[in-house]
Every structure is written in structure tokens, then in C-alpha cells.
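Remarks on the structure that follows.
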Amino acid sequence: MEGFNHSGVSEFVLLGLTDSPELQIFFFVMFPVFYLLTMSGNCLILLTVLCTPHLHSPMYFLLSNLSLIDMCLSSFATPKMIMDFFAEHKTISFEGCISQIFFLHLFTGTEIVLLISMSFDRYIAICKPLHYSTIMSQRVCVGLVVTSWTVGFLHTLSQLAFTLYLPFCGPNVVDSFFCDLPLVIQLACVDIYVLGIFMISTSGVIALVSFLLLLTSYVIVLVTIKDHSSTGSSKVFSTCTAHFLVVLMFFGPCIFIYVWPFTNFLVDKVLSVFYTIFTPFLNPLIYTLRNQEMKTAVKKKLSNQYLNLGKTSPRYPVQ
């Protein structure tokens with residue numbers, strides 16, 4: 001990567017979330033808890049789906065992949081942010097900065113396509129139930145996941161294609177807790193305003209169009225189920241509501257940040273925290289608390305683990 005960096009900047013300074021010592025202490029205590037809960041919750045969903053035969057269906061296969069992506073999305077910047085809270089110099093190398101941009105757009109691009117795939121799965125299950133097993137075959141599900149990662153990879157390459165060749169000669173201060181494209185390209189030594197607006201807004205437009213497509217699909221699903229029996233409609237409505245909450249929490253911040261780049265609003269930092277930390281944390285809660293089948297499987301998995309620990313724990317004779 002050094003061959004691309006034809007500039008005098010070898011590292012960037014991250015300003016972080018706040019300069020307040022009190023808030024830094026609060027965040028230092030809070031964010032590790034959220035991060036550990038995010039990793040453990042998504043890992044539990046992933047293991048529950050893998051180890052529960054009756055959950056080996058397209059919906060839960062896609063859900064387990066969503067949990068994997070959320071674990072990745074939560075890990076590309078959060079550990080460094082936590083370590084930087086009390087660091088005297090919050091710096092990141094040029095290569096590290098570019099890597100953060102790469103992984104951010106890889107995981108967000110992949111999640112966008114995966115959420116569309118999950119919406120497609122629910123549409124087929126509700127609107128074409130007789131053809132569901134034929135359309136959503138194992139091959140199709142694997143193809144959707146592979147497509148998600150492929151699109152995410154191509155998207156992040158398109159974002160980095162011109163960034164790597166930009167000259168950086170100072171300043172090198174990034175007003176955030178991680179490197180993101182709108183913030184980094186502003187530091188280039190050349191005038192890239194028009195090109196930068198076009199490149200960054202492309203991500204925002206993609207997110208906006210994808211969100212509108214997802215919104216349309218859920219409206220069609222809800223219209224389809226309105227005449228079904230109350231029990232079936234209630235279950236489908238609960239599932240679709242859970243999916244749409246995830247979509248709204250993920251797409252909302254992305255659309256706001258990338259449709260209007262170069263704003264430097266404080267709210268951008270808050271939204272960045274939301275989709276890199278809070279959304280991956282809330283996804284397991286939404287999918288387990290609003291899904292009776294998943295809740296039952298998770299409880300069974302946890303109870304089995306508890307029983308296994310009880311069997312393997314040492315037993316001492318009564319004196």
C-alpha cells in the first residue's frame with residue numbers, strides 16, 4: 001500500500017468522540033460492555049442456528065450471516081476506539097486508516113445486499129408460499145450470501161480506487177473515532193470537492209434506493225397478509241416489523257451521512273456510533289425477543305450449556 005501513498009502523511013490523528021474527561025470515562029466503561037454483549041449475542045445466534053436442525057431454513061441461514069457481518073462491523077473500529085480513550089496521542093497509520101475505510105464499506109455494502117436478500121426471502125415466503133421451497137433452495141441461499149459479499153467487495157474497491165492515489169501533505173486530523181471516506185478525502189492536497197461529492201454521494205444514493213426498495217417490499221407483504229387469519233397475520237407482522245426495525249436503524253444513519261457529505265455535524269459522530277456499535281448490538285435483541293422460535297432455541301441452547309457445565313463440574317463428597 002505504500003506504493004500508492006505519494007504524500008508526506010504517514011499517519012492520521014483521530015480526535016475521537018469527545019474531549020471531556022468525564023465523558024471519556026463514561027464511554028470507556030459503556031462501550032466495552034456494548035461490544036462484549038454484541039459479540040456474545042451475535043455469536044449465540046450464529047451457534048444456535050448452526051446447532052439447531054429445525055432452524056436450518058433460508059430465513060435463519062440469512063440471519064446467521066447477518067450476525068456474522070454485525071460482529072465484523074462492530075470490530076473494525078470499536079476496539080481501537082476503546083483503547084484510544086486514554087491514549088495521549090490518538091493516531092492511526094496511513095495503512096490502518098485505509099484499512100478501516102476498506103472494511104467499513106465492505107461490511108456495510110455486504111449488509112445492504114443481505115438485508116435485501118432477507119426481504120426477498122420474506123416476500124417469497126408470504127406472497128408465494130407454494131413455491132417457497134423451490135425458489136429459496138440451498139443453492140439460491142448460498143448464492144445470495146456470496147453475492148452480498150461480492151457486491152460489498154466491489155463497492156469498497158470503487159470507493160478506494162481514487163482515494164489511494166490522492167496526495168496527503170497535511171493537515172492530518174480526522175474529526176472522528178475512525179477513518180471514513182468523507183472525512184479523509186477532505187484532507188487531500190488537491191481540490192476534490194466535485195469528485196468527492198460524487199463518489200461519496202454514490203454510497204448515499206445506493207443506500208437510499210435500497211431502503212426504498214425494502215420499504216416497498218414490506219408494504220407489499222403487509223398488504224398481502226391483511227386478509228389472512230389473525231394468528232398468522234400477527235406472526236408475519238411481528239417478523240416483518242423486526243426486519244424493518246433492523247433496516248431502519250442501519251439505513252437511516254448511512255443515508256444521512258453519505259447523502260450530505262462534508263457537513264462536519266456533531267450528529268454525524270452520533271450516527272457513526274449508532275450504526276457501528278448500537279445497531280449490531282440491537283440486532284440480536286430484535287431477532288430473539290420478537291421471534292418465539294428463536295427465543296425457544298436460544299433458551300434450549302443456554303440450558304443445555306448449563307447442564308453440561310453441571311455434569312463436568314467436580315463433585316465433592318459430603319463430610
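Hydrophobic clustering (side-chain heavy atoms under 4.5 Å, transitive across Ile, Leu, Val, Met, Phe, Trp, Tyr) keeps Met71 apart from Leu47. Hydrophobic clustering places Tyr218 together with Leu114 (ILVMFWY residues linked when any side-chain heavy atoms are closer than 4.5 Å, directly or through intermediates). Residues Leu36 and Phe85 do not share a hydrophobic cluster, defined by chaining ILVMFWY side chains whose heavy atoms lie under 4.5 Å apart. Cluster membership for Phe107 and Leu154, using ILVMFWY side-chain heavy atoms within less than 4.5 angstrom, is not shared. A continuous path of ILVMFWY side-chain contacts below 4.5 Å connects Met59 to Leu63, so both sit in one hydrophobic cluster.
Of the possible polar contacts, none joining the Gln159 side chain to the Leu181 backbone as a donor-acceptor pair under 3.5 Å is found. The backbone N or O of Leu55 sits nowhere less than 3.5 Å from a side-chain atom of Thr52 that would complete a donor-acceptor pair. Of the possible polar contacts, none joining the Asp121 side chain to the Ser117 backbone as a donor-acceptor pair under 3.5 Å is found.
For CZ of Phe76, the number of neighbouring non-hydrogen atoms (other residues, nucleotides, ligands) closer than 6.0 Å is greater than 12. Open room surrounds CZ on Phe153; 12 or fewer heavy atoms of other groups in view lie less than 6.0 Å from it. Within 6.0 Å of NE2 on His131 lie no more than 12 heavy atoms contributed by other residues, nucleotides or ligands.
Residues Asp70 and Glu111 come closest through the heavy atom pair OD1-OE1, 3.1 Å. Heavy-atom minimum distance, Pro79 versus Ser74: CD-O, 4.1 Å. Between Ile220 and Cys127 the shortest heavy-atom distance is CG2-SG, 4.4 Å. The shortest heavy-atom contact between Asn172 and Glu11 is ND2-O, 2.9 Å. Here the shortest heavy-atom pairing between Phe27 and Thr18 reads CE1-CG2, 3.9 Å. Residue Ile185 comes nearest to Pro182 through the heavy atom pair CG1-O, 4.1 Å, listed as atom of the first residue, atom of the second, then distance.
Side-chain contact check for Thr110 and Ser148: no donor-acceptor pair (N or O, by modelled atom type) lies under 3.5 Å. For the residue pair Ser75 and Tyr35, a side-chain donor N or O sits within less than 3.5 Å of a side-chain acceptor on the partner.
To the nearest 0.5 Å, atoms OG1 (Thr156) and CZ (Phe102) are separated by 5.5 Å. In this structure, Lys128 NZ and Met136 CE are separated by 14.0 Å, a value rounded to the nearest 0.5 Å. The CZ atom of Phe281 sits 10.5 Å away from the CD1 atom of Ile286 when rounded to the nearest 0.5 Å. To the nearest 0.5 angstrom, Cys141 atom SG is 11.5 Å from Ile135 atom CD1. Taking NE2 of His89 as the reference point, atom CG of Leu14 lies at 13.5 Å (rounded to 0.5 Å). One distance of note links CG of Leu68 with CG of Asn42; it measures 9.0 Å at 0.5 Å rounding.
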Handout entry: side-chain contact (heavy atoms from CB on, under 4.5 Å) between Ile277 and Met81, worked out
Key = CA-CA 11 Å; Ile277 297 176; Met81 176 189 66; 3.5 Å; yes
Practice task
Decide side-chain contact (heavy atoms from CB on, under 4.5 Å) for Leu115 and Phe250; before the verdict, give the C-alpha distance in whole Å, the side-chain angles of both, and the deciding distance to 0.1 Å.
Solution key: CA-CA 10 Å; Leu115 288 172; Phe250 178 77; 3.9 Å; yes
Problem - Test log, rule side-chain contact (heavy atoms from CB on, under 4.5 Å), inputs Met249 and Tyr275 - result: CA-CA 7 Å; Met249 289 189 304; Tyr275 76 80; over 6 Å; no
Practice task
Would you please test Ser210 and Ile116 for side-chain contact (heavy atoms from CB on, under 4.5 Å) and show each step?
Solution key: CA-CA 7 Å; Ser210 300; Ile116 293 174; 3.9 Å; yes
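Lys80 is listed as a side-chain neighbour of Gln100, based on a closest heavy-atom distance under 4.5 Å. Counting heavy atoms from C-beta outward, Trp149 and Val113 have side chains that stay 4.5 Å or more apart.
Aromatic ring centres of Phe168 and Phe12 lie closer together than 6.0 Å.
Between His105 and His155, the ring planes lie tilted relative to each other; the angle falls in the 30° to 60° range.
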